[in-house]
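Please read the structure below before turning to the comments.
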Amino acid sequence: MSDTEASQSESSDIQENTSPVRSPEPDAGHRGGWVSLLTMWTRGVTRMAILKGLGMMLPTLQDQFGTTTWVIGWMTSLMIGMGGLVAPLAGLLGRRFGSGNVIMVCGTMIGIAFIAASFASRATQLSFILILLAGSSLRVPVVLAKEAIGRCYDKNLAKATGIARTGTSIGLVVAAPLIQISLDKYGWRGTMLLIGGISMHLIPCGALMRKIRTTPSNSYRELPQNEPVSEDISSPSTCASFWMTVFKNFDLSLLRSFQYWSIAIVCVCFSFAYDVWLIYFVSQAQSKGFSLEDAAVFVTVAGVGNLLAKLLQGFIIDAGILPCWSLMVICSIVSSCAFFVTPWLAGYWTMMLTASLVVICDGLLSCLHDILTKQVLGVELMMSLVFFGYPVPLPA
């Protein structure tokens, strides 16, 4: 080999070893993605146990504390709203303390909140415990888990998201009959203890998440070595430095992005409508003359359809049969029609049909929203797509 060829080979080896740009790696599901899927799945089961449990306990809590329906309803609404208020801190907390540690703390807080709530003797005590402890920890785990899934999966993101979101479906199928059995046998206090124990399963998920190492890309670029640095540039003031740090840590520059608001508005609208349905469906079914057991059957059947729809959308999106946005439009129209006709329906099978359509469309929209977020904004900003909490209105 000539000296020229040897020098060229040596130079190429040096460039290959020192280059900061690496070729994209395949999906990392076999190295840690399953942990993020498990965390998202467990959080879905926990969320359904909490919301369906409080929804089914609403008449019982109303009689126990001698209060009106809207007081207990607003307690659940404010708990959800508190989760939305704390959610913008998820990205900062995950970067500072690690996603696994934050999820472990959140699981502990939710579990302690429901265990302590089982000893409440007044509605105000119950409200403060659930809003401050459980509410502030409710949405942080899902933000961190979604960001981890986005980093671990690329080509099979739709399938991975569908599998992770089946936790909510399993929760819908299992939570309603389980809560009903617990209420009949142990009362509302025992049911609170059961929900607290289910929520504690986030702790081992967070411990497993600690082993996942995801390094976000730097938000700065390195200057070339030969580029002169101007000495006339004055350092920013303390106030300006503070606001620059706030904007950087919380990604507030997204508030000026039309793409961000288009995704956030869709998320807020369908989350608002579906959470209202989750909280008040049992009361609505009872007002139409159905028993608590009938309402549990409606939710269970809808949960099975939700599970199948989430698995099916993964194959539809990944195979390119339908684009993400078109499937979202179809689901939004069908769900809106189901909500619209529900007040005029009183038959057993029509109630089951509309409940199934609402839950199936929500399952599809929740998966499609995560996929669209990565497609439009990228994985680096998935922890930033959070919105402030909202109270769910309830008629007195």
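These numbers come from the heavy atoms of this one structure, side chains and all, not from hydrogens, waters or symmetry mates. None of the values given here were measured: they were computed from a predicted structure.
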F290, V301: one ILVMFWY side-chain cluster at the under-4.5 Å cut-off? yes
Which distance, rounded to the nearest 0.5 Å, do you find between the CG of L312 and the CG of L327? 9.0 Å
Candidate pair L307 and I170, rule side-chain contact (heavy atoms from CB on, under 4.5 Å), full reasoning: CA-CA 7 Å; L307 172 63; I170 299 297; 4.2 Å; yes
Main chain of A123, side chain of S127: is a donor-acceptor contact present, judged purely on distance under 3.5 Å? yes
Using modelled atom types only, decide if a donor and an acceptor are shared between the side chain of R43 and the backbone of L138 within a distance under 3.5 Å. yes
Under 3.5 Å donor-acceptor, T108 side chain and M104 backbone: yes
Heavy-atom side-chain proximity of L126 to M192 below 4.5 angstrom: yes
Does any part of the side chain of I80, heavy atoms only, come nearer than 4.5 Å to the side chain of L51, both counted from C-beta? yes
Any chain of hydrophobic side-chain contacts (each under 4.5 Å) joining I110 to W188? yes
Taking side-chain contact (heavy atoms from CB on, under 4.5 Å) as the criterion, tell me which of I330, I333, V334 meets it with C361. V334
Minimum heavy-atom separation for S118 to L193, with atom names? OG-CD2, 3.4 Å
Kindly compute the distance separating CG (L365) from SG (C269), expressed to the nearest 0.5 Å. 11.0 Å
Distance check, rounded to the nearest 0.5 Å: I371 atom CD1 versus D318 atom CG? 7.0 Å
For F272 and W277: C-alpha separation, side-chain torsions, deciding distance, then whether ring pair (Phe, Tyr, Trp, His ring centres under 6.0 Å) applies. CA-CA 9 Å; F272 179 88; W277 184 90; over 10 Å; no
Chi angles and distances behind the side-chain contact (heavy atoms from CB on, under 4.5 Å) call for V86, M82: CA-CA 6 Å; V86 180; M82 178 62 74; 4.1 Å; yes
Near R189 CZ, under 6.0 Å, is it more than 12 heavy atoms from other residues, nucleotides or ligands? yes
Return yes if some donor-acceptor pair links the side-chain N/O of N306 with the main-chain N/O of A302 below 3.5 Å, else return no. no
Student check: side-chain heavy atoms of M352 and V297 closer than 4.5 Å: yes
Does F65 belong to the same Ile/Leu/Val/Met/Phe/Trp/Tyr cluster as L54, with side-chain heavy atoms less than 4.5 Å apart forming each link? yes
Least distance between heavy atoms, Q313 atom then L368 atom: OE1-CD2, 4.0 Å
Other residues, nucleotides and ligands only: do more than 12 of their heavy atoms fall within 6.0 Å of CH2 on W344? yes
Taking L144 as the fixed residue, which of S36, S99, C106 is the one that meets the side-chain contact (heavy atoms from CB on, under 4.5 Å) rule? S99
Check whether any side-chain N or O of S137 sits under 3.5 Å from a backbone N or O of A134 as a donor-acceptor pair, and report yes or no. no
For A49 against I195, the heavy-atom pair lying closest together: O-CD1, 3.6 Å
Side-chain donor or acceptor of K288 paired with backbone N/O of P343 under 3.5 Å: yes
Main-chain N/O of L133 paired to S136 side chain as donor or acceptor, under 3.5 Å: yes
Would I149 and L157 satisfy side-chain contact (heavy atoms from CB on, under 4.5 Å), going step by step from the backbone distance to the final call? CA-CA 8 Å; I149 292 173; L157 178 61; 4.2 Å; yes
With the side chain counted from C-beta on, respond yes when M40 and I163 share a heavy-atom pair under 4.5 Å apart, and no when they do not. no
Any non-hydrogen side-chain atom of P177 less than 4.5 Å from a side-chain atom of T300? yes
Looking at D294, is its backbone amide N or carbonyl O close enough to the side chain of S291 to form a donor-acceptor pair, meaning the two atoms are under 3.5 Å apart? yes
Side-chain (H201) to main-chain (I198) donor-acceptor, under 3.5 angstrom: yes
Check step by step if side-chain contact (heavy atoms from CB on, under 4.5 Å) holds for I181 and Y186. CA-CA 8 Å; I181 294 173; Y186 303 109; over 6 Å; no
Shared hydrophobic cluster, L208 / I103 (ILVMFWY, side-chain heavy atoms < 4.5 Å): yes
Hey, are T60 and Q64 close enough side-chain-wise for a donor-acceptor pair under 3.5 Å? no
Is any side-chain heavy atom of R47 less than 4.5 Å from a side-chain heavy atom of T42? no
Examine distances only and state if a side-chain atom of S287 and a backbone atom of Q284 form a donor-acceptor pair shorter than 3.5 Å. yes
Would a single hydrophobic cluster contain both I72 and M57, if residues Ile, Leu, Val, Met, Phe, Trp and Tyr are joined by side-chain heavy-atom contacts under 4.5 Å? yes
For Y348, I'd like to know if atom OH has over 12 heavy atoms of other residues, nucleotides or ligands within 6.0 Å. yes
If we only count heavy atoms from C-beta on, is the L130 to F114 side-chain gap below 4.5 Å? yes
Is any side-chain heavy atom of R165 closer than 4.5 Å to a side-chain heavy atom of K146? yes
